There are 2 protein chains.
Amino acid sequence: MRGLHADTGYLLYRLGLRSGQLFNTFLQESGLRLRHYAVLRYLAGSAGALQRELSTRLGYDPSAIVGLVDDLEKLGLTERRPSPDDRRSKIVVLTEEGRAFLRGTDEAGLRVTNDLLAPLDPAERETLQALLLRVADQP
Amino acid sequence: MRGLHADTGYLLYRLGLRSGQLFNTFLQESGLRLRHYAVLRYLAGSAGALQRELSTRLGYDPSAIVGLVDDLEKLGLTERRPSPDDRRSKIVVLTEEGRAFLRGTDEAGLRVTNDLLAPLDPAERETLQALLLRVADQP
DNA sequence: AACAACTATTGACGTCACCAATTATTGCTC
DNA sequence: GAGCAATAATTGGTGACGTCAATAGTTGTT
């Protein structure tokens, strides 16, 4: 009898939950949650982003972005700068402290991934990574 | 600059969210959510389960199971039967209506997985499935 | 000049995860 | 076999979160 566990879509859902929990328990000592961390990492790769951009790219509601950026700003990890082109928009950028924070949690994120993928050898991890990237990169 | 998207753990988290959303939008016409569906599919593979067992196997809080089983019972898809061994426990079983419901949503679940894995060919899907199963099957 | 579209923000509502406490029952132990 | 810790289901509370509607300020279009 094929249970739901044999369904790849459901497996992804389940493992996504587990992965998120691992990240969150890991981040909790810093007072942040996975959502904050995702924003920081996105900013690290983009050198400034409109809140609207964060919303669409990360899949969080615009109103959620407001709170997340508020939190990060309160901790001094990001700043809101006025957009030169459009006075409605604000550009969120990492501060130096934000970069330092990311450096400090770098190997920690790797450790989480390491725990999660413990049953796989390096070659298999690379295969999985490649497949997931292909799945993730569709509109 | 390696963004968070290059991190397998985060990829899993992200794809898990997407998968869950697909499942939920698909199930919403039936009035159930993914959590209910997961319970039904687990029951289909076990011919009766204690609520405690559902809690540990599916990773939901015992108090959450109460509500889920209440909902399913209200729809006539499951029943609570007294355990012959232990009067504290109740055994949750699928009704005939529950089985019929699962049959009706069978190919729908496959369609969700199909949408999700659109970029992969059949061989790659099997590889992914096998890797995810290995990752999922750790304590 | 008028109006539709867009950005950030606020607020409300329902769902959900997480934790503590309760009741009924069981198993252990002395 | 009496007392007591452990367990199963349940209830309730709290905080986080997704979603939706509404608003103020700004831009682009016609």
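Keep in mind that what you see is a predicted model, and the values were worked out from it rather than measured. Numbered from 1 within each chain, the chains take letters A, B, ... in sequence-line order.
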Which whole-number value in Å describes the distance from [X] [atom1] to [N] [atom2]?
| X | N | atom1 | atom2 | value |
| --- | --- | --- | --- | --- |
| Y60(B) | dT15(C) | OH | P | 16 Å |
| N24(A) | dC17(D) | CG | C1' | 12 Å |
| R35(B) | dG14(C) | CZ | C1' | 14 Å |
| R52(B) | dT7(D) | CZ | P | 8 Å |
| E53(A) | dC6(C) | CD | P | 17 Å |
| R33(B) | dT19(D) | CZ | P | 12 Å |

Subject >> Lys/Arg N to Asp/Glu carboxylate O, R103(A) vs E96(A), below 4.0 Å >> reply: yes
Original post:
What's the shortest heavy-atom distance between R80(A) and V92(A), and which atoms?
Top reply: CG-CG2, 4.3 Å
**OP:** Using the ring of Y42(B) (Phe, Tyr or Trp, six-membered ring only), decide whether R57(B) places NZ or CZ under 6.0 Å from its centre and within 45 degrees of its axis.
**Re:** no
**OP:** Measure from NZ or CZ of R35(A) to the centre of the six-membered ring of Y60(A), then state whether that distance is under 6.0 Å and the direction lies within 45° of the axis.
**Re:** yes
Original post:
What residue among L40(A), L75(A), T95(A) forms side chain to side chain contact (heavy atoms under 4.5 Å, CB included) with F101(A)?
Top reply: L40(A)
Subject >> Side-chain donor/acceptor of S19(A) to backbone N/O of G9(B), under 3.5 Å >> reply: yes
Original post:
Counting distance only, does the side-chain N/O of R125(B) pair as donor-acceptor with the main-chain N or O of L120(B) below 3.5 Å?
Top reply: yes
Please produce a list of atom pairs where a protein N or O lies less than 3.5 Å from an N or O of nucleotides 10-12 of chain D.
unit_1  : atom_1 : unit_2 : atom_2 : d
dT10(D) : OP1    : R80(B) : NH1    : 3.0
dT10(D) : OP1    : K90(B) : NZ     : 3.1
dT10(D) : OP2    : Q51(B) : OE1    : 2.9
dT10(D) : OP2    : Q51(B) : NE2    : 2.6
dT10(D) : OP2    : R80(B) : NH1    : 2.7

Nucleotide N/O to protein N/O under 3.5 Å, stretch nucleotides 23-27 of chain D:
unit_1  : atom_1 : unit_2 : atom_2 : d
dT26(D) : O2     : R88(A) : NH1    : 3.4
dT27(D) : OP1    : R87(A) : N      : 3.1

**OP:** Classify the angle between the aromatic ring planes of Y37(B) and F23(B) as parallel (below 30°), tilted (30 to 60°) or perpendicular (above 60°).
**Re:** tilted
